[in-house]
Amino acid sequence: MPTQLYGIPAPSPGQNTQMGLRPPNTTNVMDRGNLFPQAPLSRAQILERVNAIPQKPNTESGKQAYEVDVNAWDQMHGNAPPSLEHPYPIKPGMAQAGSGECFGCGEITDPPHMGYTCNATEPLCPQETHWHQLVMNMLW
């Protein structure tokens, strides 16, 4: 257990003391015995990883394959948040994460709209919404 100062527990290694969270794009390298922190990924590296994720075609078979992928992701990761190491499957016909898409429906429209103004009849599931938000936050 971390030592205490004035009755307040000290933060764990790698923990951001303001929010109680680790900063984005970093890992707690001290847990692995590595004394050298890893550099954050560049915008190009993030986009390269995101664009390497295969997306199913917007067909009946593509939608069925997407459902299989979602069920496999849920079995493997449960309620854990998506990450670059564990990306969430993209719904067929939707824009790739990080492309300026709406986080509510996953589409790019003209004029653009955002999640809070989205009127989609089939909104994205919370995990996929989180994936889109995560990628956009990493890019900014």
Side-chain angles (χ1 to χ4, degrees):
M1 175 156 181
T3 60
Q4 293 188 1
L5 180 63
Y6 304 112
I8 301 171
S12 301
Q15 186 178 28
N16 181 327
T17 56
Q18 291 179 348
M19 298 295 290
L21 302 171
R22 293 182 182 149
N25 290 338
T26 61
T27 56
N28 189 353
V29 294
M30 297 300 288
D31 290 344
R32 297 187 196 135
N34 185 352
L35 299 177
F36 303 102
Q38 295 176 341
L41 295 173
S42 70
R43 181 179 176 84
Q45 289 170 317
I46 293 168
L47 286 172
E48 183 180 331
R49 286 190 183 186
V50 169
N51 291 329
I53 300 165
Q55 188 170 359
K56 306 296 184 221
N58 194 15
T59 62
E60 195 57 41
S61 63
K63 291 174 184 178
Q64 291 172 353
Y66 165 77
E67 291 298 326
V68 169
D69 287 351
V70 166
N71 289 332
W73 196 96
D74 289 341
Q75 287 287 324
M76 188 175 279
H77 305 292
N79 289 329
S83 66
L84 281 178
E85 292 77 24
H86 307 290
Y88 198 81
I90 300 290
K91 192 174 190 178
M94 300 300 111
Q96 188 63 275
S99 60
E101 72 284 5
C102 170
F103 300 153
C105 65
E107 295 182 20
I108 298 174
T109 58
D110 187 25
H113 73 278
M114 297 298 173
Y116 60 89
T117 61
C118 185
N119 295 324
T121 56
E122 294 182 35
L124 299 177
C125 71
Q127 291 289 64
E128 189 168 349
T129 294
H130 185 91
W131 168 243
H132 286 271
Q133 292 169 333
L134 173 74
V135 171
M136 189 60 73
N137 287 336
M138 286 190 292
L139 293 173
W140 291 102

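Excluded from the calculations below are hydrogen atoms, water molecules and symmetry mates; all remaining heavy atoms, backbone and side chain alike, are included. Computed from a predicted model, the values in this text were never measured in an experiment.
You'll find the side chain of Glu85 reaches within 4.5 Å of the side chain of Arg49, heavy atoms only. The shortest distance between side-chain heavy atoms of Met138 and Leu41 does not fall below 4.5 Å. Contact check for Cys105 versus Cys118: side-chain heavy atoms found under the 4.5 Å cut-off. Inter-residue side-chain proximity for Cys125 and Tyr88 is flagged as met; some heavy-atom pair is nearer than 4.5 Å. Side-chain contact between Leu84 and Val50 is present, with heavy atoms from C-beta onward closer than 4.5 Å. Counting heavy atoms from C-beta on, the side chains of Ile90 and Tyr66 never come closer than 4.5 Å.
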Test side-chain contact (heavy atoms from CB on, under 4.5 Å) on Lys63 and Asn58; report intermediate values, then the result. CA-CA 7 Å; Lys63 291 174 184 178; Asn58 194 15; 3.2 Å; yes

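Rounding to the nearest 0.5 Å gives a distance of 11.5 Å between CD of Glu48 and CD1 of Ile53. Between the NE2 atom in His113 and the CD atom in Glu107 there is a gap of 7.0 Å [rounded to 0.5 Å]. Separating the CG atom in Leu124 from the CD atom in Gln133 is a distance of 10.0 Å, to the nearest 0.5 Å. Taken to the nearest 0.5 Å, the CD1 atom of Ile108 stands 3.5 Å off from the OG atom of Ser99.
When every heavy atom of Thr109 is checked against every heavy atom of Pro111, the shortest pair comes out as OG1-O, 2.9 Å. Contact record, Ala95 with Glu101: CB-CB, 3.8 Å, taken as the closest heavy-atom pair. His130 and Pro82 get closest at one heavy-atom pair: CD2-CD, 3.3 Å. Annotation for Trp73 and Pro87: closest pair NE1-O, 3.0 Å, computed over non-hydrogen atoms. The heavy-atom pair separating Gly106 from Met94 by the smallest distance is O-CB, 3.5 Å.
Taking the six-membered ring where tryptophan is involved, the planes of Phe103 and His132 are tilted, since the angle between them lies from 30° to 60°.
For Gln45, the CD atom counts as densely surrounded, since its 6.0 Å shell holds more than 12 non-hydrogen atoms of other residues, nucleotides or ligands.
Judged purely by atom type and a 3.5 angstrom limit, Gln127 has no side-chain atom pairing as donor or acceptor with the backbone of Val70.
When hydrophobic clusters are built by joining Ile, Leu, Val, Met, Phe, Trp and Tyr residues whose side-chain heavy atoms come closer than 4.5 Å, directly or via intermediates, Leu139 is grouped together with Trp131.
Salt-bridge annotation for Glu67 and Lys91: absent, with no side-chain N of the basic residue lying under 4.0 Å from a carboxylate O of the acidic one.
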